[in-house]
Structure formats: C-alpha cells, structure tokens
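Some notes on the structure that comes next.
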Amino acid sequence: MDKAISICRLCTAGCPVEVTIEGGRAVKVVGDRASDDYHGYSCSKGRGMPELHNRPDRLLRSQKRRPDGTYEPIDVDDAIAEIAEKVRAIVDEHGPRAIGAYMGTRVGDHPAMGQLGPGFMLALGSPLRFSALTLDQPGDLVARAFHGTWLGGETRLEEADTWVLVGTNPIVSHQYFANNPVGRITQAVRNGCRLVVIDPRATETAKHAAIHIQPRPGEDVTILAGLLALLFEWDALDHAFVEQNVVGVDALRAAVAGYTPEYVGARADVPPEQLIAAARIIADAKKGGIYCGTGTAMSNLGGNLAYYLGVVMHSVRGWWAREGDPFLRPNALLPTRPSRAEPQNPFPVAGFGEKLRVRNLEGGIYGIPGAAIFDEILTPGEGQVRALFNMGGNPLMAIPETARAHEALRSLDLYVTTDVSLSSNARDADYVIAVTMGLETPALSYSAESLTHMHRGMGIEEPYAHYAPAAVDPPAGSQLIDDWQLYYRLAQRLGLQLNVITASGLPGAWDVAPIVHPVDMEHEPTTDELFEIMCADGRVPFSEVKRHEHGHVFEEARVTVGPRDPACDQHLDVGSAEMMQELTDQHARYDAAVVAAADVAFPFLLIPRRDKGFVNGTGQLVARNLDKRSYNPAYLHPDDLRALGLDDGDLVCVRSEHGDLLGVVGRDATLRRGVLSMSHGFGSNPEDPDDPVGRGANTNRLLSLTAEYDRYTGMPRMGSVPVSVTPA
Ligand SMILES: Nc1nc2c(c(=O)[nH]1)N[C@H]1C(S)=C(S)[C@@H](COP(=O)(O)OP(=O)(O)OC[C@H]3O[C@@H](n4cnc5c(=O)[nH]c(N)nc54)[C@H](O)[C@@H]3O)O[C@H]1N2
Ligand SMILES: Nc1nc2c(c(=O)[nH]1)N[C@H]1C(S)=C(S)[C@@H](COP(=O)(O)OP(=O)(O)OC[C@H]3O[C@@H](n4cnc5c(=O)[nH]c(N)nc54)[C@H](O)[C@@H]3O)O[C@H]1N2
Ligand code: SF4
Ligand SMILES: [Mo]
C-alpha cells in the first residue's frame with residue numbers, strides 16, 4: 001500500500017489530500033494533515049474521489065457516434081485527425097466564428113487546460129467562448145464595473161466584526177472561506193464575529209448566524225436596500241472613508257429611501273425588527289464584509305444590482321482593507337496586482353466585445369453569454385455556429401431549456417466533448433474524447449488564482465501554492481489523454497501556434513499587459529513543462545513550489561496594503577445612475593396583488609441549492625454522497641408535504657409556466673414554507689425516458705431563456721421561479 005499527496009480539484013477550494021494506493025488504484029482519500037493552510041480539511045466529495053475514479057462506467061477509450069446514435073471506440077489520434085479535418089473544412093467555408101466553445105467548471109480541474117483550451121480558440125480566431133460564468137454569478141463582476149475597485153482588497157473574516165452572507169452557503173459550497181469554511185466560521189463566531197445570513201433555508205451556515213433572515217426568495221435587493229436605508233437613517237456611514245473615496249452617496253440615499261423596514265418586511269415577508277437588528281450589527285461593525293451567492297444571482301437575473309448593493313455596503317461602511325492590513329489573494333504562481341489603499345474608477349461592463357446575433361447580447365467583462373449559445377447554433381445566416389467544443393461543462397443540462405439545448409447540440413455539424421463517462425451531455429456529441437481524472441494528472445493550485453478577477457470568492461487568501469505529481473496511473477487498458485492535449489494536438493494538426501498568457505487584466509479595469517509565452521508546437525510538452533511556463537512570471541519560482549510536498553504558505557510572498565498614491569484622483573461610485581434607476585424601478589414595479597395572484601396557479605417558488613455529495617453534474621451516478629442516492633431530491637418543508645399529501649421519496653410532477661419535470665420528493669425542515677429547493681446538473685438526455693430515481697431531474701426544463709433576462713449577460717431567471725407541485 002502506497003501513499004501519495006495530491007490536490008482535490010472537484011471544487012475551487014483545492015484541498016491537499018493524502019491518497020492511499022493499492023495496485024496502482026486510489027482506494028482512500030483523506031485531507032492532508034501535514035498541510036500548512038488546510039490542516040487536514042477535506043469534504044465528503046473529495047474523500048469520494050476513489051469511487052469517482054474507479055467508477056464502473058468510466059470511459060476508457062474515446063468514442064465516435066455512429067449514424068444510428070450508438071458509439072464505437074476510436075483511437076484518440078484518429079479522432080483528433082478527423083476532428084481537425086472537419087474544423088478546417090468549416091473554417092474554410094464559414095470562417096472561424098462558426099466554431100464555438102463552451103467553458104464549464106471542469107476546466108478548473110486541469111490548470112493547463114485553462115490555458116490551452118481558450119488558447120486554441122484564440123489561435124483559431126474565434127471569439128465565441130460561451131462561458132458558464134454568465135449562468136452563475138456574473139453580477140459579481142458587473143457590480144464591480146459599476147462600483148469600481150478598492151485596490152487594497154477586503155478584510156479577512158478572522159478580523160471582521162460581522163459578515164453578511166446573502167444567498168450563499170459556503171459551508172457546503174466552499175465558494176468563500178474555501179480552506180475549511182466550517183472551521184473558520186466556527187472560530188470567527190467564537191471570537192465575536194456576528195454573522196448575518198439571508199437565506200430562505202436555515203442552512204449549515206445559517207446555524208452559525210447571530211441573525212438569520214429567512215425571506216421570501218427573490219427579495220435580496222429589497223432587503224439590502226432596506227439595510228442601507230437604515231444605515232442612512234442612523235447616519236452610520238464611515239464619513240472619513242466616504243469623503244475621500246466615494247461618490248454617489250446622495251443618489252444612493254434617495255434611491256433606498258422607499259425601502260423602509262415596514263415595506264421590506266411586507267414584501268420579503270420578514271419581521272421588520274429582524275431587519276433592524278441586522279442593520280444594527282452592520283452599523284456597529286468597524287470591520288466586516290458581505291458576500292452574495294448563487295441564491296441571489298439565480299433569483300435576480302445574475303444579481304447585478306444585489307451584488308452592487310453588497311460592494312456599496314463595504315464602501316459606505318468603510319469595510320475595505322486599509323494601509324498596513326494584509327493584502328488578501330496576493331497570488332503566488334501568477335504575478336500580483338496593485339495593492340494600495342485607494343479606489344480605482346468604475347469600468348465598462350460591455351461595448352467592446354463580440355456582438356451576438358441574438359437578443360442584442362454581446363460579449364463583455366463577463367465573457368460571452370452562455371444563454372445565447374443555442375440561438376447562435378440554431379439561427380441560420382452568416383456567423384452561424386456549426387461546431388462546438390465543450391471544455392469541461394455540461395451545455396445540455398446546465399443551461400435553461402433542455403429540449404432546445406438537445407435540438408441545438410444535435411443539429412451541429414460537429415460537437416466535441418471530453419468526458420470521463422458517456423454522460424447525458426456526451427450522448428449528444430459526435431466525438432467524446434476520454435480523458436484523465438484529477439488524481440491521474442499533475443496538480444497545481446493555479447485555477448483559483450487565475451480566477452481572482454472573476455469572482456470575489458476566487459483566489460487563495462494566503463500566498464499559498466501547491467504542486468503535486470500524478471498520484472495514480474490511468475486505469476489499465478485505457479487510452480486517455482489530458483484535456484489540454486486534445487487542443488494542443490488539434491492546434492498542431494491545424495498549424496496553429498498556442499500561447500500561455502500569465503498575466504491578464506480585465507479590459508478597462510486592470511489593464512495589465514499580457515505576458516505571452518509561445519508553446520513549443522513541434523514537440524508536445526509534458527504537463528509539468530506547461531506548468532513551468534505558466535508560473536514563469538509568478539511570485540514564487542515553480543522549482544521552489546515543487547520542493548514543498550504538502551503545499552506551503554510562502555511568507556516572502558506576503559503583501560501588505562500600501563499607502564494611497566498622493567496623485568490618486570479616482571473613486572468608488574455607490575450611486576451609479578443605471579443601478580439607482582433599477583432600484584427605483586424595482587420599487588415602482590412591485591405590486592402585492594400581482595404576487596398574490598401568481599401564487600394561486602404556481603404556489604411554490606423553485607430555488608437552487610448545492611448538494612453536499614455532488615459538484616453540479618459531476619458524480620451523479622457514483623452515489624457516494626451522504627444519503628447514497630444518485631438523484632437530486634425536490635425538497636419541501638414537512639408541513640407543505642403534509643398539505644400536499646406527500647411523503648419523502650414520492651414521485652411528483654413539478655410544473656412552471658415554461659415546462660415540467662418528474663422528481664422525487666425530499667423532506668427538509670430547514671426550508672421556509674412555500675419553496676421548492678432543488679439542485680441542478682441532474683437528469684437524462686431528452687432522448688431517454690425520464691429516470692427521476694436513477695439520474696435525477698433537470699430543473700432547467702422549468703426555465704426560460706427568453707421570458708426575462710439580464711440585458712448584458714443574458715442570464716435568465718433561474719431561481720425564485722413560480723411552480724406547482726402535484727403527486728405523479
Ligand atoms: N457541494 C457542492 N459545492 C459546490 C457546488 C456543488 O454543486 N456542490 N457547485 C460549485 C459552484 S459551480 C458554485 S457557483 C458555488 C455556489 O456556491 P453558493 O452560492 O454558496 O451555493 P449554495 O450552497 O447553493 O448557496 C446558495 C443558497 O442560496 C439560497 N437561496 C436560494 N434562493 C435564494 C434567494 O432568492 N435569496 C437568498 N437570499 N437566498 C437564496 C439557497 O437556499 C442556498 O442556501 O458552489 C460551488 N461548490
Ligand atoms: N437550474 C440551474 N442551472 C444552473 C445552476 C443552478 O443553480 N440552477 N448553476 C449554474 C452554475 S453556478 C454553474 S457553474 C453551471 C455549471 O455548468 P457546467 O460547468 O456546464 O456543468 P457541470 O455539471 O459542472 O459540467 C460538468 C461536465 O463535465 C463532465 N465531467 C465530469 N467529470 C469530468 C472530468 O474529470 N473531466 C472532464 N473533462 N469532464 C468531466 C460531466 O459529465 C459534465 O458534463 O451550471 C449553471 N446552471
Ligand atoms: S472542499 Fe472541494 S476541493 Fe476540498 S475536498 Fe471538498 S470537493 Fe475537494
Ligand atoms: Mo457555478
């Protein structure tokens with residue numbers, strides 16, 4: 001029995017793990033106790049990696065679709081040769097824009113893939129990299145565009161007097177406080193930090209809250225505006241900070257004025273005293289923070305305004321890190337960013353990206369709207385997308401309107417995906433390239449760092465870095481490649497030059513000149529050689545990182561927030577005209593009678609949640625989760641179950657205005673009544689019969705891409721969706 005150290009890459013927490021190996025296969029995974037920064041932390045998903053790697057339906061060879069829809073194994077280099085020929089023919093006839101890519105979450109598994117996948121599209125000359133981020137929390141970036149950026153970054157949880165968590169459950173999701181959220185939150189609370197949690201469910205995180213507001217879903221803007229209104233009423237602004245760094249205060253004061261505790265209480269269905277008590281905690285906190293999550297984003301068309309009010313709260317309370325404070329997320333493998341106690345102006349959200357052919361959408365700081373992908377495929381005319389590369393995502397199931405997704409994917413001249421099983425999504429592909437899984441490839445704590453700009457939860461708070469060689473061999477008899485090798489070999493055949501880009505800013509925000517390193521296109525590099533290039537401009541030499549088997553916090557790479565540049569004349573904007581208009585409109589549009597009428601036909605509100613046992617659609621059929629199930633229950637409050645005459649495990653039909661699904665009921669006493677809480681990424685390929693117990697149900701069948709959507713990112717309503725529930 002051997003042991004090896006590796007990194008779990010199932011989520012962006014990237015926990016170091018100790019793998020027990022028998023006969024070349026992983027048999028046990030636990031958190032690595034010798035780790036500097038994680039101290040042995042891991043979660044049940046990470047510990048389930050052996051089962052995932054050794055899954056009985058593991059794809060051992062690449063597959064090609066036959067005309068009758070079945071698949072036959074194909075040698076991977078033959079597959080790549082055929083794909084290259086098809087790409088060449090499509091580009092020759094229709095130009096590079098006819099080739100699209102969809103960037104999903106599994107790109108993060110393999111840092112080299114994060115470089116060479118997008119690099120392939122860049123080299124091809126196609127701008128159409130549809131991004132899963134635009135169906136996630138694009139509001140986080142959009143909000144910072146409207147607000148501007150505090151170059152000093154934020155405060156550490158451990159130093160905060162309060163933290164406000166809106167529609168996020170980090171103890172399960174790890175999207176914030178990633179290196180052991182439960183331990184860090186427990187300790188912070190013990191040290192006097194008072195959490196305010198806003199969530200229709202009494203989550204694992206809410207259990208640690210001083211105040212848990214359990215509102216009607218979809219009212220985060222209402223509640224945040226209400227909290228800000230109280231701060232104005234009590235004059236609880238950090239005047240010194242505001243004076244020097246902030247503009248737009250009067251506009252903000254005017255726009256939130258109508259959000260009184262009584263109004264908020266009635267609209268969000270929460271006790272006004274609770275709102276006042278939460279505002280008290282915020283008003284008293286000298287240091288603090290606020291994070292929103294997918295609950296907020298899904299229910300608010302991506303969450304632009306809610307996330308905006310979040311950063312606004314930081315600014316009016318002066319909660320940002322000050323000169324002399326630690327600079328969080330300083331990077332270790334990549335170059336760092338400016339770290340001064342000063343504001344940087346708002347920057348453009350869009351207006352510079354690829355124009356899409358549908359719904360007036362366009363690329364922006366958030367990337368290319370994933371919500372446009374099916375229309376770009378199905379709409380004939382110049383620029384029509386005819387080939388799609390799926391880079392680690394699940395376009396069939398993760399995007400609303402599954403029937404249309406299926407139609408679009410199957411209509412393509414060429415659909416190529418990488419996968420580790422013949423998943424529901426893979427069953428729409430012409431070529432399924434069988435790839436290695438995490439423990440079978442070298443690991444590097446790179447992905448979270450490279451995503452620092454994309455979401456406030458990304459990046460590693462400490463100057464921490466970790467490299468680990470492959471821990472186990474690929475399964476016996478398999479022919480697998482790393483995801484990045486597909487794009488490298490395609491580029492080779494097409495005569496394209498790929499590059500590694502180690503520093504890149506956001507247009508208009510961080511105009512960091514890209515540092516471009518050409519990749520040797522003659523001799524295929526190893527993954528380690530690519531890592532070497534990717535770390536070339538980092539703060540800690542790759543060779544140094546490699547010396548620390550268990551990962552390491554590099555003290556020499558620590559950064560302290562520096563003084564304000566005396567010449568700084570920039571500001572943060574808490575009163576963006578566009579955001580204030582939206583705030584006023586949302587107040588004016590609200591009509592209690594309309595809400596009550598909607599409740600009659602569709603008495604429940606569907607909301608999203610993350611499952612402890614799965615990461616989106618990964619791991620469904622390997623049910624090593626806590627309940628030994630491979631489906632996503634349709635969770636309801638026990639009183640709602642009783643009223644509907646339903647019990648745990650019953651089959652139900654869930655209907656919305658846009659579609660229906662067959663689901664399995666789950667009992668959840670932590671829910672607010674009247675909500676149906678379900679996770680996504682489950683379900684069958686539309687060609688197959690529904691299998692609610694075996695494969696779960698796809699909530700994206702209940703949603704519409706066009707009924708209501710954000711004008712920038714195209715993100716539709718994906719939470720707080722009116723539905724009915726009836727026994728099936
Ligand atoms: N175990 C696990 N971890 C994951 C994932 C996973 O699938 N499983 N997915 C990963 C991904 S891709 C992401 S983006 C992150 C997401 O990370 P989070 O955003 O933290 O996701 P959740 O844990 O679902 O927390 C969302 C919370 O919002 C609540 N909610 C729903 N609707 C509303 C609403 O209208 N208002 C408010 N205030 N709350 C609402 C839900 O009850 C839920 O508790 O997690 C990542 N980590
Ligand atoms: N209704 C609804 N829809 C949502 C959300 C929601 O809350 N509700 N959340 C949204 C969010 S936040 C996100 S981030 C997206 C997620 O969107 P995606 O990234 O598109 O979806 P995933 O399910 O993470 O995709 C994982 C895919 O990778 C395959 N796979 C599994 N393991 C491996 C591996 O080791 N290597 C490779 N190459 N492939 C593998 C799986 O078969 C699957 O097809 O979904 C969004 N969609
Ligand atoms: S928190 Fe994320 S990275 Fe850590 S063990 Fe769990 S799934 Fe893996
Ligand atoms: Mo996500």
Side-chain angles (χ1 to χ4, degrees), residues 9-13 43-45 52-53 102-110 113 132-133 135-137 165-176 178 197-206 213-220 223 268 291-300 306 370 390-400 417-426 433-438 440 455 457 482-483 486 605-620 625 670-672 675 677-682 698-703 718-721:
R9 282 153 279 172
L10 285 170
C11 83
T12 44
C43 81
S44 60
K45 300 182 298 302
L52 264 182
H53 282 63
Y102 171 73
M103 315 289 302
T105 51
R106 302 263 61 90
V107 171
D109 289 13
H110 305 293
M113 173 58 198
L133 174 86
L135 297 152
D136 187 331
Q137 302 151 83
L165 295 165
V166 193
T168 182
N169 183 16
I171 287 182
V172 165
S173 73
H174 302 82
Q175 85 161 351
Y176 298 112
V197 172
I198 303 172
D199 196 308
R201 194 183 142 229
T203 58
E204 295 75 356
T205 306
I213 299 179
Q214 200 166 3
R216 184 183 161 85
E219 296 296 350
D220 298 315
I223 294 167
Y291 284 147
C292 300
T294 49
T296 306
M298 300 292 153
S299 298
N300 294 280
N390 174 34
M391 301 186 175
N394 187 348
L396 176 71
M397 320 249 283
I399 308 176
T417 190
T418 56
D419 213 325
V420 297
S421 71
L422 211 49
S423 62
S424 300
N425 170 67
I433 303 300
V435 286
T436 52
M437 294 181 77
E440 297 154 3
H455 183 271
D482 282 1
D483 284 69
L486 166 62
L605 290 174
L606 167 74
I607 60 168
R609 76 194 282 147
R610 258 66 193 159
D611 194 309
K612 270 203 188 84
F614 311 101
V615 188
N616 303 324
T618 294
Q620 292 170 10
N625 67 34
T670 66
L671 283 174
R672 176 193 159 88
V675 302
S677 160
M678 264 182 108
S679 54
H680 67 288
F682 290 75
N698 185 352
T699 53
N700 279 316
R701 281 168 49 168
L702 301 170
L703 310 181
M718 297 171 72
S720 191
V721 176

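Every number for a ligand or one of its atoms is a count from 1 in the order of the listing. FYI, the numbering just counts along the sequence from 1. On a predicted model such as this, the values are computed, not experimentally measured, just so you know.
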If we only count N/O pairs under 3.5 Å, is I399 in contact with ligand 2?
no
Give the residue, atom name and distance (to 0.1 Å) of the protein heavy atom nearest atom 26 (C) of ligand 1.
G167 O, 3.1 Å
Side chain or backbone of D611 under 4.0 Å from ligand 1, or both, or neither, by non-hydrogen atoms?
backbone
Residue, atom and distance of the protein heavy atom nearest atom 30 (N) of ligand 1 read G295 CA, 3.5 Å
Classify the contact between E219 and ligand 1 as side chain, backbone, both or neither, using a heavy-atom distance cut-off of under 4.0 Å.
neither
Could you tell me which residues satisfy ring-ring contact (aromatic ring centres under 6.0 Å, His included) with H53, sequence neighbours excluded, listed by chain and number?
none
Under 4.0 Å, counting heavy atoms only: does P608 come that close to any atom of ligand 1?
yes
Contact with ligand 1 for S677, non-hydrogen, under 4.0 angstrom
no
Note the single closest protein heavy atom to atom 44 (O) of ligand 1, along with its residue, its atom name and the distance in Å.
D199 OD2, 2.6 Å
Relative to ligand 2, is A398 under 4.0 angstrom through side chain, backbone, both or neither, heavy atoms considered?
both
Indicate yes or no: does an N/O atom of S173 lie under 3.5 Å from an N/O atom of ligand 1?
yes
Compute the shortest N/O to N/O distance between H680 and ligand 1 and return yes if it is under 3.5 Å, no if not.
no
For atom 40 (C) of ligand 1, what is the nearest protein heavy atom, given as residue, atom name and distance?
P200 CD, 3.3 Å
For K45, which part has a heavy atom under 4.0 Å from ligand 1: side chain, backbone, both, or neither?
side chain
Within reach of ligand 2, part of D483 (heavy-atom separation under 4.0 Å):
side chain
Residue portion contacting ligand 2 (non-hydrogen atoms closer than 4.0 Å) for T417
neither
Indicate, with yes or no, if the rings of Y176 and H455 have centres closer together than 6.0 Å.
yes
Based purely on interatomic distance, does P395 place a nitrogen or oxygen under 3.5 Å from a nitrogen or oxygen of ligand 2?
no
Close N or O approach (D419, ligand 2; < 3.5 Å)
yes
Give me the nearest non-hydrogen protein atom to atom 21 (O) of ligand 1 as residue plus atom name, then the distance to 0.1 Å.
T294 OG1, 3.1 Å
If you compare M397, M718, R610, R609 by their heavy atoms, the one closest to atom 11 (C) of ligand 2 turns out to be R610
Side chain, backbone, both or neither: V435 near ligand 2, heavy atoms under 4.0 Å
side chain
Show the atoms of ligand 2 that are less than 4.0 angstrom away from any heavy atom in S423.
42 (O)
Tell me the protein heavy atom at minimum distance from atom 35 (O) of ligand 1, and give that distance in Å.
G218 N, 2.8 Å
On a heavy-atom basis, I'd like to know which of Q175, R9, R106 is closest to atom 28 (O) of ligand 2.
R106
For ligand 1, note which part of N169 has a heavy atom under 4.0 Å away: side chain, backbone, both or neither.
both
Nearest non-hydrogen contact with atom 20 (O) of ligand 2 belongs to which option: Y102, F682, F614?
Y102
Polar contact flag for T436 and ligand 2 (N/O pairs, less than 3.5 Å)
no
Protein heavy-atom partner closest to atom 12 (S) of ligand 1 - residue, atom, separation in Å
N616 ND2, 3.2 Å
Side chain, backbone, both or neither: which part of D109 has a heavy atom under 4.0 Å from ligand 2?
side chain
Nitrogen or oxygen of H174 less than 3.5 angstrom from that of ligand 1:
no
